[in-house]
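Single-structure report; data block below.
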Amino acid sequence: MSSTDRAVSILDDSRREERERVVELLTKAYWMEIETVMNYVAASINPDGVRARRIAESLEEDIQEELGHAKLFGQRIKDLYGVVPSSTDFTAEQSFMRPPEQQTDVVELIRGVIKAETGAIEHYNRIVAETEEIDPVTQDMVIDILHDEEGHRRLFEGFLREYEHEGRA
Ligand SMILES: [Fe+2]
Ligand SMILES: [Fe+2]
């Protein structure tokens with residue numbers, strides 16, 4: 001891309017193809033956040049026992065943040081002349097977030113959360129890379145969200161470490 005092209009907004013007619021690619025990436029991100037909200041709601045309710053409840057409470061706090069991410073992705077899809085999809089287009093992917101056999105099995109839950117956060121981190125890094133010099137506004141937004149997800153993963157890695165230290169993981 002020439003430097004003149006870069007000065008043309010992603011909203012310009014001439015950039016429709018790039019815009020559609022960005023909308024595609026954002027739509028996947030939107031679904032990831034929605035699925036995470038579904039699974040964190042369940043995981044904030046299901047766990048039994050004092051220690052599992054502590055993890056559940058942490059997930060409960062995350063729900064609003066993940067929902068906020070979904071709304072940001074949705075708004076950006078609209079800004080780029082896309083349409084936010086309805087549930088009929090949804091395909092579940094987080095099989096690892098299925099409730100454990102025992103609702104006191106906090107380690108399996110923590111591992112599931114780390115996997116969900118890692119999936120988001122990988123996809124958002126891809127968006128940051130693909131929007132470089134193409135769509136700085138999307139890139140800027142996704143960098144902020146990526147920062148949140150790295151914080152979530154780090155928190156749950158800390159929980160897992162605690163269990164590993166005790167020989168329970
Ligand atoms: Fe998120
Ligand atoms: Fe997250």
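Atoms considered below: every heavy atom in the structure, side chains included; atoms not considered: hydrogens, waters and symmetry mates.
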Approximate separation, where rounding is to 0.5 Å, of [X] [atom1] and [Y] [atom2]:
X	Y	atom1	atom2	answer
His123	Leu146	NE2	CG	11.5 Å
Leu72	Thr138	CG	OG1	11.0 Å
Arg53	Asp48	CZ	CG	8.0 Å
Glu35	Met97	CD	CE	9.0 Å

What residues, two or more places apart in sequence or in another chain, satisfy side chain to side chain contact (heavy atoms under 4.5 Å, CB included) together with [X]?
X	value
Asp144	none
Asp105	Pro100, Gln102, Val107, Glu108
Arg16	Arg19, Glu20
Ser58	Leu155, Phe156, Phe159

Ionic contact status for Arg54 with Glu162, cut-off 4.0 Å |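 A salt bridge links Glu162 with Arg54.
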Between Lys28 and Glu33, does at least one N-O distance fall below 4.0 Å, as a salt bridge requires?
-> no
For the side chain of Asn125 and the backbone of Ile121, is there at least one donor-acceptor N/O pair under 3.5 Å apart?
-> yes
Heavy-atom donor-acceptor pair, Ser44 side chain to Val41 backbone, under 3.5 Å = yes
Can you find a pair of side-chain heavy atoms, one from [X] and one from [Y], that are under 4.5 Å apart?
X	Y	value
Pro47	Leu109	yes
Leu26	Met141	yes
Thr131	Val142	no

With sequence neighbours excluded, what pairs up with Glu57 under the side chain to side chain donor-acceptor pair (under 3.5 Å) test?
-> none
Which residues pass the side chain to side chain donor-acceptor pair (under 3.5 Å) test with Thr91, sequence neighbours left out?
->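 Listed in chain order: nothing, the list is empty.
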Reference residue Thr36; test side-chain hydrogen bond (donor to acceptor under 3.5 Å, both in side chains); the match among His152, Glu65, Gln94, Glu117 |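 Running side-chain hydrogen bond (donor to acceptor under 3.5 Å, both in side chains) over His152, Glu65, Gln94, Glu117 with Thr36 returns exactly one hit, Gln94.
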Between [X] and [Y], which heavy-atom pair has the shortest distance, and what is it?
X	Y	value
Gln139	Val128	NE2-O, 2.9 Å
Ile110	Leu160	CG2-CB, 3.8 Å
Arg15	Ile10	NH1-N, 3.4 Å
Val106	Arg51	CG2-O, 4.4 Å

Test log, rule salt bridge (Lys or Arg N to Asp or Glu O under 4.0 Å), inputs Arg76 and Asp140 | CA-CA 12 Å; Arg76 190 61 187 154; Asp140 191 55; over 6 Å; no
Same apolar cluster: Ile127 and Ile143, side chain cutoff 4.5 Å | yes
Pairs flagged by ring-ring contact (aromatic ring centres under 6.0 Å, His included) wherever residues 30-73 is involved - sequence neighbours left out |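 Residue pairs with at least one partner in residues 30-73: Trp31-Phe90, Phe73-Tyr124.
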Pair listing, ring-ring contact (aromatic ring centres under 6.0 Å, His included) test, anchored in residues 97-116, at least two apart =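 Checked against ring-ring contact (aromatic ring centres under 6.0 Å, His included) - neighbours excluded - no pair reaches residues 97-116.
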Any salt bridge (Lys or Arg N to Asp or Glu O under 4.0 Å) pairs touching residues 145-156, not counting sequence neighbours?
-> Arg153-Glu157
Which residues pass the salt bridge (charged side-chain N to carboxylate O under 4.0 Å, His left out) test with Arg21, sequence neighbours left out?
-> Glu24, Glu130
Residues which pass salt bridge (charged side-chain N to carboxylate O under 4.0 Å, His left out) with Lys71, listed by chain and number, not counting sequence neighbours | none
Name the atoms and distances for all side-chain donor-acceptor pairs under 3.5 Å in residues 79-87, with sequence neighbours left out.
{"unit_1": "Asp79", "atom_1": "OD1", "unit_2": "Gln75", "atom_2": "NE2", "d": "3.1"}
{"unit_1": "Ser86", "atom_1": "OG", "unit_2": "Thr88", "atom_2": "OG1", "d": "3.1"}

